[in-house]
Amino acid sequence: MSHTSHPKSSRLVRKQNAAGWGFLMPATILIFIMSFYPMVQAFIMSLKTGSSANMKWAQPVLFNYMRMMKDKLFIRSVGNTFLYLIIQVPIMLVLAILLAQILNNRNLKLKGFFRTCVFLPCATSLVSYALIFKSLFATQGLINSVLMKLHIISSNINWLGQTGTARFVLIIALIWRWTGYNMVFYLAGLQNIDYSVYEAAQIDGASPWKTFWHITVPLLRPVIVMTFVMSINGTLQLFDESVNLTKGGPANTTITMSHYIYNNSFGQGTANFGYASAMSFVVFIMVAILAAINMKVGDTRD
């Protein structure tokens, strides 16, 4: 009996495997064409110099990478990007998890309205919201008018014309834009936690802070790791805010890596694709290393 059923079961397994590969192949081919092939081509291009029409192998072959280490503007763009990363990402994710905790309360009225309000900035066009913040923080803008009326400041502040305040505005804009986006992930994670766990903690006399720290955070760890990886990835590739909000100014003191890469590719007359590709590859390595560290730290398996 077993001998007769074995060939049938093996044929069934082969059919299932074939069907699985049939479904996977279109996506695999597209990922290879749209992601892996361009990455390989970008690395090859990073070893070349010259204009786009007449590129040749660099002498020495790592010339673009050596140039990068001496490029003060690139080093400044790396510093700016990591400054935004270190300040904005933790604040944004802490706010997101706190808002998710508040809006997950089953006794809260108008939950849908509040959730929509918090998420709405994420649905706003990147260019539109940058222009809104630009007008809000203009020298004659709403923020200065309110601060003047409250007698907090005596004269208008040129928010986008000074390095410190321009960076501050950019960070505030990022927090406003992306907090609701991350809140949705935490909210989904919280709704998968059985409410009886919190009820049991209440019966045991656990305070809201202990409940949050010892129950919510450990159970949300996979979601927290995912949002950290996505936020790091997004911040290291930050482009729209730098271009539309501050234009990298004043004097390139708020420029990000992606903005500088764009300037070298398309924004400064001569298209220096070799150097831009080298910088892009360095950004890719940074993203991969930081994502791997986050995944390792967040892995709770033995």
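Because only heavy atoms are used, hydrogens play no part in the values below, and waters and symmetry mates are left out as well, while side chains stay in.
- Annotation: the span from Lys48 atom NZ to Asn54 atom CG amounts to 11.0 Å, rounded to 0.5 Å.
- Here the CZ-CG distance, from Phe133 to Leu136, works out to 6.5 Å after rounding to the nearest 0.5 Å.
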(request) May I have the step-by-step check of side-chain contact (heavy atoms from CB on, under 4.5 Å) for Val169 and Lys134, ending in yes or no? (result) CA-CA 9 Å; Val169 171; Lys134 204 170 183 178; over 6 Å; no

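- In this structure, a donor-acceptor pair under 3.5 Å is present between the side chains of Arg167 and Asn80.
- The closest donor-acceptor contact from the side chain of Ser135 to the backbone of Ile132 lies under 3.5 Å.
- Under the 4.5 Å side-chain heavy-atom criterion for ILVMFWY residues, no single connected hydrophobic cluster contains both Leu131 and Ile171.
- With hydrogens and angles ignored, the 3.5 Å screen pairs a side-chain donor or acceptor of Asn144 with a backbone N or O of Thr139.
- Rounding to the nearest 0.5 angstrom, the gap separating the CG atom in Leu103 from the CG atom in Leu98 is 11.0 Å.
- Within the 4.5 Å cutoff, the side chain of Gln162 has heavy atoms near those of the Ile157 side chain.
- Contact annotation: the side chain of Ile255 approaches that of Asn252 to within less than 4.5 Å [non-hydrogen atoms, C-beta and beyond].
- Grouping the Ile, Leu, Val, Met, Phe, Trp and Tyr side chains by contacts below 4.5 angstrom, directly or via other members, places Val89 with Ile293.
- Met55 places none of its side-chain heavy atoms less than 4.5 Å from the side chain of Thr49.
- Looking at Ile97 and Leu93, their side chains never come closer than 4.5 Å, going by heavy atoms from C-beta outward.
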(message) Would Thr216 and Leu190 count as a side-chain contact (heavy atoms from CB on, under 4.5 Å) here? Give the steps.
(response) CA-CA 8 Å; Thr216 304; Leu190 285 169; 3.4 Å; yes

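- Val127 is not connected to Leu170 by any chain of hydrophobic side-chain contacts under 4.5 Å among Ile, Leu, Val, Met, Phe, Trp and Tyr, and they are in different clusters.
- In this structure, the side chains of Leu245 and Thr254 stay at 4.5 Å or more apart for every pair of heavy atoms.
- Connection of Leu120 to Leu95 is not established within any shared hydrophobic cluster, with ILVMFWY side chains joined at heavy-atom distances below 4.5 Å, either directly or through further cluster members.
- Here the straight-line distance linking atom OG of Ser280 with atom CE of Met39 works out to 12.0 Å at 0.5 Å rounding.
- A single hydrophobic cluster is seen to contain both Phe284 and Leu62, as judged by linkage of ILVMFWY side chains at heavy-atom distances under 4.5 Å, directly or through other members.
- Looking at Asp240 and Tyr129, their side chains never bring a donor and an acceptor atom within 3.5 Å of each other.
- The shortest distance between side-chain heavy atoms of Met286 and Met257 falls below 4.5 Å.
- For the residue pair Thr227 / Tyr186, a side-chain donor-acceptor distance below 3.5 Å is found, with atom types taken as modelled.
- Here the side chain of Arg115 pairs no donor or acceptor atom with the backbone of Gly180 at under 3.5 angstrom.
- Ring geometry, Tyr181 versus Trp178: the interplanar angle exceeds 60°, so the pair is classed perpendicular (tilted spans 30 to 60°).
- A heavy-atom distance below 4.5 Å is not found between the side chains of Ile261 and Phe239.
- Put simply, CZ on Phe137 and CG on Leu160 are 8.5 Å apart, with the number rounded to the nearest 0.5 Å.
- Within the 4.5 Å cutoff, the side chain of Val13 has heavy atoms near those of the Asn17 side chain.
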(request) Determine, step by step, whether Thr253 and Thr163 satisfy the side-chain hydrogen bond (donor to acceptor under 3.5 Å, both in side chains) criterion, reporting the C-alpha distance in whole Å, the side-chain angles of both residues, the deciding distance to 0.1 Å, and the verdict. (result) CA-CA 6 Å; Thr253 53; Thr163 301; 3.1 Å; yes

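- Phe43 and Phe281 have tilted rings, their planes meeting at an angle from 30° to 60° on a 0 to 90° scale.
- In this structure, Gln237 CD and His259 NE2 are separated by 15.5 Å, a value rounded to the nearest 0.5 Å.
- Using bins of under 30°, 30° to 60° and over 60° for the plane-to-plane angle, the ring pair Tyr260/Tyr275 lands in the perpendicular bin.
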